[in-house]
2 protein chains.
Amino acid sequence: MQPQISDQILYSFLTGGFSASSSTTTTTTSPFYPFAIEEDTISQDRALAALRNHKEAERRRRERINSHLNNLRNLLSCKSKTDKATLLAKVVQRVKELKQQTLEISNETLPSETDEINVEDCSNDDGRIIFKISFCCEDRPELLQDVVKILKSLQMETVYAEITTIGGRTRNDLVVVADIEQHGVESVKYLQNALKSLLERSSQSVVMRRGGGGVERSKRRRGVDHIIMV
Amino acid sequence: MQPQISDQILYSFLTGGFSASSSTTTTTTSPFYPFAIEEDTISQDRALAALRNHKEAERRRRERINSHLNNLRNLLSCKSKTDKATLLAKVVQRVKELKQQTLEISNETLPSETDEINVEDCSNDDGRIIFKISFCCEDRPELLQDVVKILKSLQMETVYAEITTIGGRTRNDLVVVADIEQHGVESVKYLQNALKSLLERSSQSVVMRRGGGGVERSKRRRGVDHIIMV
DNA sequence: TCCTACACGTGAACC
DNA sequence: TGGTTCACGTGTAGG
């Protein structure tokens with residue numbers, strides 16, 4: 001049932017016993033012993049040395065691991081008393097959070113591959129209508145002016161705008177406000193339709209540019225432009 | 001030097017030996033033994049049970065820790081072979097990176113408490129001057145219009161703008177371009193001076209508002225506005 | 001007294 | 001073979 005115990009005892013007698021009489025003395029006091037015994041002491045000596053190496057290597061390994069754990073304790077500003085399992089659980093949670101965070105930042109700021117329009121009514125009841133507009137499309141120089149024209153024609157004021165352009169595509173997040181007297185529930189539809197035609201114009205201009213036309217603007221299509229305006 | 005070895009042997013004989021004859025049988029076969037011996041077997045029984053509990057608790061603890069480590073392996077998409085120390089080192093590095101990242105995001109997007117202006121010449125040699133403008137100041141409704149006026153008067157075009165407003169303070173990051181023919185090295189100075197007077201106007205308007213004047217705009221001072229425009 | 005968490009030394013498996 | 005990593009059971013300290 002527990003065979004390792006007897007082995008362990010035997011082993012302890014063998015190594016532990018000889019360890020008590022010090023491995024350095026065995027070789028110096030052994031010349032008068034028969035050859036077989038001397039060989040034994042030598043092999044035991046080696047085994048003992050191996051065991052000592054093993055022991056110390058294992059200690060170093062533990063130290064390495066624990067030092068990393070302490071680093072994590074500091075990074076998460078945990079008390080030094082928090083036990084390993086709980087600490088690691090917190091680390092797992094933290095890494096998940098941070099990964100999620102950066103993922104969200106990417107999703108919320110980078111243009112999507114497909115054209116998209118989203119208009120959300122975020123009005124509160126203070127007499128103003130608030131729309132959060134978000135759309136992704138091919139970039140073109142006149143895009144912003146066209147957006148401004150649309151909003152002006154609808155008598156909407158931009159209070160926040162975030163525009164990110166990368167690889168020829170652009171993402172625009174706008175917050176616009178309007179007086180409630182000049183707008184009804186149908187304003188969202190107007191806005192969406194206007195933006196839809198805007199995006200179609202962008203697509204067409206891309207087709208034209210890629211078909212054969214000018215190569216100008218190619219410089220602006222490198223890297224990331226990220227612009228915020230009120 | 002190694003006192004624990006002899007103890008260990010003794011302990012192994014005591015617990016291991018009796019464990020071989022099964023703890024369940026000792027109580028049933030012991031009624032004919034003297035009282036003292038029976039008490040011994042009972043206490044040994046208990047010690048044995050304690051040892052078993054201890055052993056299993058330790059196993060559960062190891063499982064808990066290792067399960068968290070495996071979670072981390074998956075989160076960092078490490079191979080299952082990566083050893084604990086290396087894995088933890090990578091975790092430490094990753095957490096540091098992510099912390100740094102979020103810190104930078106905060107520093108680069110949130111308005112500072114003090115008014116600041118920074119104009120950086122990022123021109124490349126393609127016939128256009130490029131300025132990266134960044135300034136933090138008190139927010140006011142006309143601020144953007146004033147900025148636009150300044151840039152227009154200097155015949156500069158905004159190609160990127162990122163504006164974040166929180167707690168009544170605003171941070172503006174702009175990238176503006178201008179033709180090299182219309183501008184010399186002194187343009188930076190013009191720009192800086194114009195922005196400086198802009199910020200002074202913002203400060204004055206705040207003093208006025210806070211002194212006694214209108215309470216309007218108080219709603220806009222809650223939460224975060226983050227706007228990007230091209 | 002029991003429970004919990006840790007460090008330790010050791011056997012085993014893998015290069 | 002030696003070096004390295006892991007799991008295991010145990011001793012031990014603190015609650």
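Remember, predicted model here, so these are calculated numbers, not experimental data. These values consider heavy atoms only, across backbone and side chains, with no hydrogens, waters or symmetry-generated copies.
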Please list, one pair per line, the donor and acceptor atoms closer than 3.5 Å that link side chains of residues 71-78 of chain A to other protein atoms, with sequence neighbours excluded.
from	atom 1	to	atom 2	distance (Å)
Arg73(A)	NE	Asn70(A)	OD1	3.2
Arg73(A)	NH1	Thr82(A)	O	2.3

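Distances from the side chain of His54(A) to the nucleotides dG11(D), dG3(D), dT5(D) place dT5(D) closest.
A salt bridge is defined here as a Lys NZ or Arg NE, NH1 or NH2 lying under 4.0 Å from an Asp or Glu carboxylate O, and Glu138(A) with Arg169(A) meets this definition.
In the region residues 71-85 of chain B, proximity to DNA chain C at under 4.0 angstrom, judged on heavy atoms, holds for none of the residues. Shown for residues 58-68 of chain B: residues whose heavy atoms fall under 4.0 angstrom of DNA chain C, namely Glu58(B), Arg61(B), Arg64(B).
We find that CG of Leu87(B) is positioned 13 Å from P of dT5(D), with the value rounded to whole Å. Atom CZ in Arg52(B) sits about 12 Å away from atom P in dC3(C), given to the nearest Å. We find that NZ of Lys55(A) is positioned 18 Å from P of dG2(D), with the value rounded to whole Å. The interatomic distance linking Asn53(A) (CG) with dG9(C) (P) rounds to 13 Å, in whole Å.
For Glu200(A), there are no salt bridge (charged side-chain N to carboxylate O under 4.0 Å, His left out) partners at least two apart in sequence or on another chain. Residues satisfying the salt bridge (charged side-chain N to carboxylate O under 4.0 Å, His left out) test with Arg61(B), not counting sequence neighbours, are Glu58(B). Residues meeting the side chain to side chain donor-acceptor pair (under 3.5 Å) test with Ser67(A), sequence neighbours left out: none. Under the side chain to side chain donor-acceptor pair (under 3.5 Å) criterion, Asn53(B) pairs with no residue at all, not counting sequence neighbours. With sequence neighbours left out, the salt bridge (charged side-chain N to carboxylate O under 4.0 Å, His left out) criterion links Arg59(B) to Glu63(B). Listed by chain and residue number, Arg94(A) satisfy the salt bridge (charged side-chain N to carboxylate O under 4.0 Å, His left out) test with Glu97(A) (two or more places apart in sequence, or in another chain).
Comparing Arg46(A) and Ala57(A) by the nucleotide of DNA chain D whose heavy atom lies nearest to each, the residue mapping closer to the 5' end is Arg46(A).
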